[in-house]
Amino acid sequence: MIRVLIADDQPLVRRGLALILAPDPAFEVVGEAEDGARAVALARELRPDVVVMDIRMPVLDGVQATEELARTLPESRVLALSTFDMDEYVVAALRAGAYGFLPKDISPEELIAAVHTVHTGEAAVAPRLLTRLISTYVRSSARPRPAATATATATAPDGLTPRELEIWQLLASGRDNAEIAGDLEISVSTVKNHITGVFTKLGVRDRAQAVIAAYESGLVAAGHRSG
């Protein structure tokens, strides 16, 4: 059973999220918090597996609460929610340590799937938001560095091999593992192995952080999707 803590400053939203999750025997909603400070306190007390965290809350906002939980209680993984598609606080939440982010207009099925994904330690990011959010907010806030290309062979950034660099670029431009495997005519398991190497060399935890790093490095440009 996945123990879930829900943090949102709107009682109706908290109750709605609980009503979506509670009937599923895979979940136990262990608590609800009305602000970020309360979310941190309850997480320390209840030790949930997943914290569904609104970004904009009083007392302590969701980004600050996420950063605190990532630092002191990393086993409680944060899934951030945002009311607006274009919300810089969502990217800040990923930087703070959230395992994923979703818009609040998702379906119940998408929420359930995302909580399962975050519980396994994988990133749960709505595909329709990922490149748009990061291209808007990360690119504009980062100090530009020389753009890398997938054809670089000698001095790939962060010690990446040419193949890893190519896979990083495809990942950052919106490809999933199966699409990358098809593009490069290699197996999905080989793609997964290369992605693990990319994460290690970049010092990132998951796919979302790898995409952020790609935009910040100049590997991909705002609005880019290869193919």
Side-chain angles (χ1 to χ4, degrees), residues 2-18 20-21 29-106 111 114-115 117-126 129-130 132-143 199 202-216:
I2 301 172
R3 293 163 51 82
V4 181
L5 173 67
I6 297 170
D8 196 290
D9 61 334
Q10 299 181 46
L12 284 176
V13 173
R14 293 198 306 272
R15 180 49 46 197
L17 294 171
I20 290 171
L21 296 174
V29 178
V30 296
E32 298 179 18
E34 67 276 11
D35 59 60
R38 181 66 174 155
V40 172
L42 279 178
R44 289 172 176 164
E45 175 186 346
L46 301 172
R47 304 287 170 142
D49 300 305
V50 177
V51 181
V52 179
M53 182 86 73
D54 185 26
I55 294 302
R56 294 179 175 176
M57 292 188 291
V59 185
L60 190 70
D61 69 29
V63 174
Q64 293 171 302
T66 295
E67 187 172 21
E68 180 66 16
L69 288 177
R71 184 176 62 84
T72 64
L73 201 66
E75 63 270 24
S76 292
R77 293 165 176 154
V78 174
L79 172 62
L81 298 183
S82 174
T83 301
F84 303 104
D85 280 4
M86 303 302 291
D87 191 338
E88 69 272 23
Y89 292 109
V90 179
V91 175
L94 287 175
R95 287 175 169 156
Y99 273 73
F101 64 85
L102 296 173
K104 285 187 178 179
D105 63 356
I106 56 168
L111 175 66
V115 174
T117 299
V118 166
H119 179 245
T120 67
E122 298 294 327
V125 180
L129 300 183
L130 183 58
R132 196 166 80 229
L133 280 164
I134 293 175
S135 66
T136 299
Y137 293 108
V138 177
R139 182 73 172 177
S140 64
S141 63
R143 286 187 296 178
F199 289 176
L202 294 177
V204 302
R205 187 193 61 219
D206 55 37
R207 210 175 191 90
Q209 291 187 349
V211 175
I212 290 174
Y215 276 99
E216 289 182 332

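Because the structure is predicted, anything quoted here is derived from the model rather than measured. Throughout, residue positions are numbered sequentially from 1 according to the sequence presented.
- The line from CD1 of I2 to CG of L21 is 9.5 Å long, rounded to the nearest 0.5 Å.
- Note that OG1 of T83 and CG of D54 are 6.0 Å apart. Values are rounded to the nearest 0.5 Å.
- By the side-chain contact (heavy atoms from CB on, under 4.5 Å) test, P74 pairs with no residue at all, sequence neighbours left out.
- Residues forming a side-chain hydrogen bond (donor to acceptor under 3.5 Å, both in side chains) with Q64 (at least two apart in sequence, or on another chain): none.
- The structure places CG of L5 at 12.0 Å from CG of L79, a figure rounded to the nearest 0.5 Å.
- Under the side-chain contact (heavy atoms from CB on, under 4.5 Å) criterion, A70 pairs with no residue, sequence neighbours left out.
- The two residues A37 and V59 come nearest to each other via the heavy atoms CB-CG1, 3.7 Å.
- Between T120 and T117 the shortest heavy-atom distance is OG1-O, 2.6 Å.
- What you find for D61 and V63 is that their closest heavy atoms are OD1-N, 3.0 Å.
- Atoms CG and OG1, from L94 and T66 in turn, are 9.5 Å apart once rounded to the nearest 0.5 Å.
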Under 3.5 Å, which donor-acceptor pairs link side chains of residues 39-50 to any protein atom two or more places apart or in another chain?
| unit_1 | atom_1 | unit_2 | atom_2 | d |
| --- | --- | --- | --- | --- |
| R44 | NH2 | E68 | OE2 | 2.4 |
| R47 | NE | R44 | O | 3.1 |
| R47 | NH1 | E75 | OE2 | 3.1 |
| D49 | OD2 | R3 | N | 2.8 |

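- Note that the CG atom of L69 and the CE atom of M53 stand 5.0 Å from one another [nearest 0.5 Å].
- Closest approach of S76 to V51, counting heavy atoms only: CB-CG2, 4.3 Å.
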V29/L17 under side-chain contact (heavy atoms from CB on, under 4.5 Å): CA gap, chis, key distance, verdict = CA-CA 9 Å; V29 178; L17 294 171; over 6 Å; no
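- Nearest heavy atom pair, residue I55 against residue A93, reads CD1-CB, 3.6 Å.
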D35 and D9: CA distance, side-chain angles, deciding distance, side-chain contact (heavy atoms from CB on, under 4.5 Å) verdict = CA-CA 6 Å; D35 59 60; D9 61 334; 5.9 Å; no
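- For R38, the salt bridge (charged side-chain N to carboxylate O under 4.0 Å, His left out) criterion is met by no residue, not counting sequence neighbours.
- Closest approach of F199 and A210 over heavy atoms only: CE2-CB, 3.7 Å.
- Each of R14, R15, K104, R56 was scored for a salt bridge (Lys or Arg N to Asp or Glu O under 4.0 Å) with D8, with one residue passing: K104.
- Remark: E34 pairs with no residue by the salt bridge (charged side-chain N to carboxylate O under 4.0 Å, His left out) rule, at least two apart or across chains.
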